[in-house]
Every structure is written in structure tokens, then in C-alpha cells.
Amino acid sequence: MNQRAPVTIFIPGDASAVSVGADAVAAALARECQARGLSVRIVRNGSRGLYWLEPLIEVKTVAGRIAYGPVRAADVPSLLDAGLLDGGLHALRLGDIESHEWLRSQQRLTAARVGVVDPADLDDYIRHGGYAGLSAALALAPQDIVRAVTESGLRGRGGAAFPTGIKWQTVHDQPPTQKYIACNADEGDSGTFSDRMLMEGDPFVLIEGMTIAGLAVGATQGYIYLRVEYPHAARALAKALQVARERGYLGRNVRDSGRDFDIALRLGAGAYICGEETSMLESLEGRRGDVRVRPPLPAIKGLFGQPTVVNNVVTLATVPVILARGSAFYRDFGMGKSRGTIPLQLAGNVKRGGLVERAFGLTVNQLVYDYGGGTATGRPVRAVQIGGPLGAYLPESQFDTPLDYEALASKDALLGHGGVVVFDNSTDMARMARYALEFCAIESCGKCTPCRVGSTRGVELVDRMLASLNGARAGDIALLNELCDTMANGSLCGLGGMTPFPVRSALKHFSEDFH
Ligand SMILES: Cc1cc2nc3c(=O)[nH]c(=O)nc-3n(C[C@H](O)[C@H](O)[C@H](O)COP(=O)(O)O)c2cc1C
Ligand code: SF4
């Protein structure tokens, strides 16, 4: 009979880890330990974000959390033979995960607990510093909470980088009425996954951030608008919302403060445009996700016509650390007007993809080579696309650009939600420009002509260039540039307005592909 206390083993329940076999590993480990009479406690945590090593499992030992990866179900017997439960030696052993170079060099503030805690365990969250931000906020007047966020320099991480404190101040200043916090968890950008990782790996931090936002602006109801393609996040959030409610962190009289705040979860239906904030509000209200004309701003007339804070998951999940550790602490990270840290998401044709949270200012070179290790194919990198499908392509000659809002803007690029997708030198950039236009044509809500018609004409134009045996005609390039001008200047929202970024950057930096 084994007298040992159960050994804790962490196996990510994160969707990416599951997609490469984490569930099978968890099942194999439970089965094999039972057969051997070994007592283990399996915790399905989030991913640490070292995705090339998933499924990455960790064993809690006196020497720290010893990691192994990538583990397949078939590796389980040999791992146990090697003394897995004591952190024994094995070909897959990675050592103490906290000292892994990929993690050690990061500055994790927003994603500090992702991959560390049990996402379903509120006490674990609190043990790791959770709800310290709410405690601090409850001791402050609403205006002082708003001031703390303003002074932190936090800007929206959903794409537009608008100062969060200013948005909150506008909602705070509206007359007392029903106000809302609407969390944008649509995360439609290609190559992005930081919202998902947070919601799956540390859902309480989003709930805490939304609660603080509610206290700050006088909102009693929040909504999380979650893309339907994230079932794992939906389950993690539903569980965390239930626990928070049962324990008095949500609902009436939050933490005996005399203040009410609750959150409802709503699922989208798979439209990229529903990530645009006014379209998201339409969808939340039960209508087709058409873009609304602004003004009025959602902060003044938003959900159900009431003042509404619309913020991205990462933005809201960053608020607790600001309240807990102070705005000056957060502000000290970053450069220029880009303060704090950003969870960058490295994806595409890259050797080591995953989550890298660092202060603003890391260069593209550092991200792609130091963290990413170059391309997965081993071929030279040709370009990166930053900021989702509407982001610009950067050529290698610009890889010394710091990942910061203003530095990228000076290169006619944008940081967006922080997704960086790597392409090798086999990529045809004219086809990528065509893809951007086609994406816009498919996802356009159809409300305005430059986007609805322009995107389709753009696809036809690039097709004509690609089909021409004699190379693109000079007139076609000029016409494509003119079309981009019309879309950028005449579109009602960012879908049509930003599609010119990938098209123009491909034309500018990779013009040879159009001939
Ligand atoms: C076409 C389009 C899609 C967008 N998709 C998202 C999205 O998936 N998630 C998100 O947070 N913001 C998205 N945005 C930005 C939102 O409109 C809005 O700026 C953001 O939710 C505000 O939150 P933040 O200030 O915290 O960034 C999108 C914008 C456009 C134009
Ligand atoms: S730019 Fe496109 S998506 Fe945006 S409102 Fe116009 S038609 Fe709709």
C-alpha cells in the first residue's frame, strides 16, 4: 500500500495542448498510476505558452515544478519507470519550468498565473495574488479607480490602443443610470490567442478586472461576448463565474461592499465583424452584427442604448495587477506612450511559437529569432504580419522595429492585438495581398460601398495581375493603390479601413511578386 501523499501533476486543458493530445496523456497517466498503485492528483491547468513543447506536463516536487514535453500517451509508462513523480531523468525532461529560458526572460504581469494555477480553483487564484486588485479597488472611490487606470497608461489591447482610463472616465461621467461592461472576447484575428489563453488558464482574472471596471464606472452588469469557436474557454468561464457567484465575488453586495455586479456569458456566431465593438453590441442585443455609425460612442450610448465600457479581454485582465501593485509599477514597464507589457503571440511558420509577455519595446528580430528560433521549415524568414489579417507585412529589413504602437505606426504598420505571424521565403506576397482582399470581401458586413464592393474589385484586380503573362500593367498597380485609398478613407469601420495595410505593404516591400 502506497503511503505517499498524492503527487500533483499539471496537464494543460488548454485547447492547443488538447489539440496535440493532452487529454490522451491525462487519461493514460491516470490509468497507469492507478495500475501501479501510485497516488496522483491531476490538475488541468492552462498552458505556459511554450506551444512547441505541448503537451507539456509538470510534476510538483520539492525542487520546483519539473516539466516534461512534448509528452505523448505512449510515453507515460517510460516516464513513470524513470521516476516521473520525483522529477526523474528522462529524455523528455525539461527541468524546472520557471527557469526555462523562454519564461525566465519574460515579464508576465497580465498572464502571470496562466499555466500556474488551477483555473477552476478560486482559492488557488487567491493564493497566487488574485483578488488583491479588487480589495484595493473596494477601498477607493470610483473616480480614484478610474484615475489609477488612467495613470497606469493602459491602452486597449483589442487593436485600437485607445487609452482605457479615458474611456472609463467618459462612462463614469454619464448620469447615474443602468451602465454596462462589455468584454470583447471575439478574438477573431488570425495568429492570436492571448484572450483564449487567459480565459482558459486564468478566468478569474478577467472576472476580477470586469468587477473593478463595474465599480469604477457604476455598472452593475457585465457581458462577455465570446466567440463560439472557443468551447474550452466557454467551459472555463462558466465554471469560474459560478464559483465567483457562490463565493460572493459576483452578484448582489459583492464582498459585503454594498455594491452589485454580475456577469453573463454570451456566445457569438462566427462572424469576424462581430469583434468590431458596435457590431458586437448589435449581436449582444440579439441582432445581425451590423456596424453602427459613430457618434454616439458606446461609452455614451452603447449596449441597449446605455453607457457602456467595451474592452478587450487582455485590457480588462490587466486591470487587477494595476490596482494591486499601483499605476506607477505598471507604468514603469514599456516605452514612450506604450506603457506596461503586452502578451505577444508568435505563430505561423516558426520553430518555437507561443506566448511572450514583455514590456513594449522588444524588437521583431528578438521575437522572431531569440524566442521563435526562426522558421519551422528552416528556410529564411521573408516577412511577418503583425496585428491580424488587417495588419501590415514587415520585410526583414524592418525587423529592428520595436513592438510598440508608435514605432510600428511610423512604419505604416500596427500592433493590433499583438499577433505576429511568420512567413518563410516560399511565400508569394501578391497572393497574400489577394488573400487580405478576399478575407475582407467574405467578412464585410456590407453596410458601406468601399468595403463591400472595393474588396471584391480588389480580388479581381490582383487576379488579373497574377494571370497576366507579361507582368502587372503599370496602370493596375496605380489602380490597386487608388482602390486602397478609397477603402482607407471611405469605409465606415476598420475592416474596410484597414484591409489596405496588408495590401499596400505587400505592394511596397514585395513589388516583385506582382510582376
Ligand atoms: C473588424 C474589426 C474586428 C475587431 N475584432 C476585435 C476582437 O476580436 N477583439 C477585440 O477585443 N477587439 C476587436 N476589435 C476592436 C474593437 O472594435 C474595440 O476597439 C475593442 O474591443 C475595444 O477594447 P480595447 O479598448 O480594450 O481594445 C475589432 C475591430 C475591427 C474594426
Ligand atoms: S467597412 Fe465593411 S465591415 Fe465595416 S461597416 Fe463598412 S461594409 Fe461593414
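Just so you know, ligand 1 is whichever comes first in the structure, and atom 1 is the first atom listed for that ligand. Values below: every heavy atom of this structure, side chains too, minus hydrogens, waters and symmetry copies.
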Nearest non-hydrogen protein atom, [atom]:
atom: atom 19 (O) of ligand 1; value: A160 CB, 4.0 Å
atom: atom 1 (C) of ligand 1; value: Y272 CE2, 3.6 Å
atom: atom 8 (O) of ligand 1; value: E187 N, 3.1 Å
atom: atom 21 (O) of ligand 1; value: N184 ND2, 2.9 Å
atom: atom 16 (C) of ligand 1; value: G275 O, 3.6 Å
atom: atom 25 (O) of ligand 1; value: K167 NZ, 3.0 Å
atom: atom 17 (O) of ligand 1; value: E277 N, 2.9 Å
atom: atom 27 (O) of ligand 1; value: G158 N, 2.7 Å

Q | Donor-acceptor pair between S47 and E54 side chains, under 3.5 angstrom | A | yes
Less than 3.5 Å apart, any donor N or O on the side chain of T278 or E276 sitting next to an acceptor on the other?
yes
Review point. Could R339 and F360 be counted as a cation-pi pair, given that NZ or CZ must be under 6.0 Å from the ring centre and within 45° of the axis?
Key: no
| request: Compute the shortest N/O to N/O distance between T315 and ligand 1 and return yes if it is under 3.5 Å, no if not. | output: yes
TODO: Indicate yes or no: does an N/O atom of C493 lie under 3.5 Å from an N/O atom of ligand 1?
DONE: no
Verify, without hydrogens or angle tests, whether D476 (side chain) and M465 (backbone) share a donor-acceptor contact under 3.5 angstrom.
no
In ligand 1, the atoms that come under 4.0 Å of a heavy atom of G188 are 8 (O)
Exactly one of I181, L215, I207 clears side chain to side chain contact (heavy atoms under 4.5 Å, CB included) with F261, and that residue is I181
Exactly one of E151, K167, H172 clears side chain to side chain contact (heavy atoms under 4.5 Å, CB included) with V146, and that residue is H172
Once the angle between the rings of Y180 and Y223 is folded into 0 to 90°, is it parallel (under 30°), tilted (30 to 60°) or perpendicular (over 60°)?
tilted
Logged contact type for M498 with ligand 1, heavy-atom cut-off 4.0 Å, is neither
Contact region, E276 to ligand 1, non-hydrogen atoms below 4.0 Å, reads both
Mind listing the side-chain donor-acceptor pairs of residues 230-239 below 3.5 Å, one per line with the distance, residues two or more places apart or on another chain?
from: Y230; atom 1: OH; to: E187; atom 2: OE1; distance (Å): 2.6

The reported gap from CZ in R464 to CG in L480 (rounded to nearest 0.5 angstrom) is 10.5 Å
The side chain to side chain contact (heavy atoms under 4.5 Å, CB included) partners of T427 (sequence neighbours excluded) come to F423, D424, M429, M432
Counting only protein N, O or S atoms (no waters) closer than 2.8 Å to atom 8 (Fe) of ligand 2 gives 1
Is it the case that the ring center of F510 lies less than 6.0 angstrom away from the ring center of Y393?
no
With sequence neighbours left out, the residues meeting side chain to side chain donor-acceptor pair (under 3.5 Å) with S279 are none
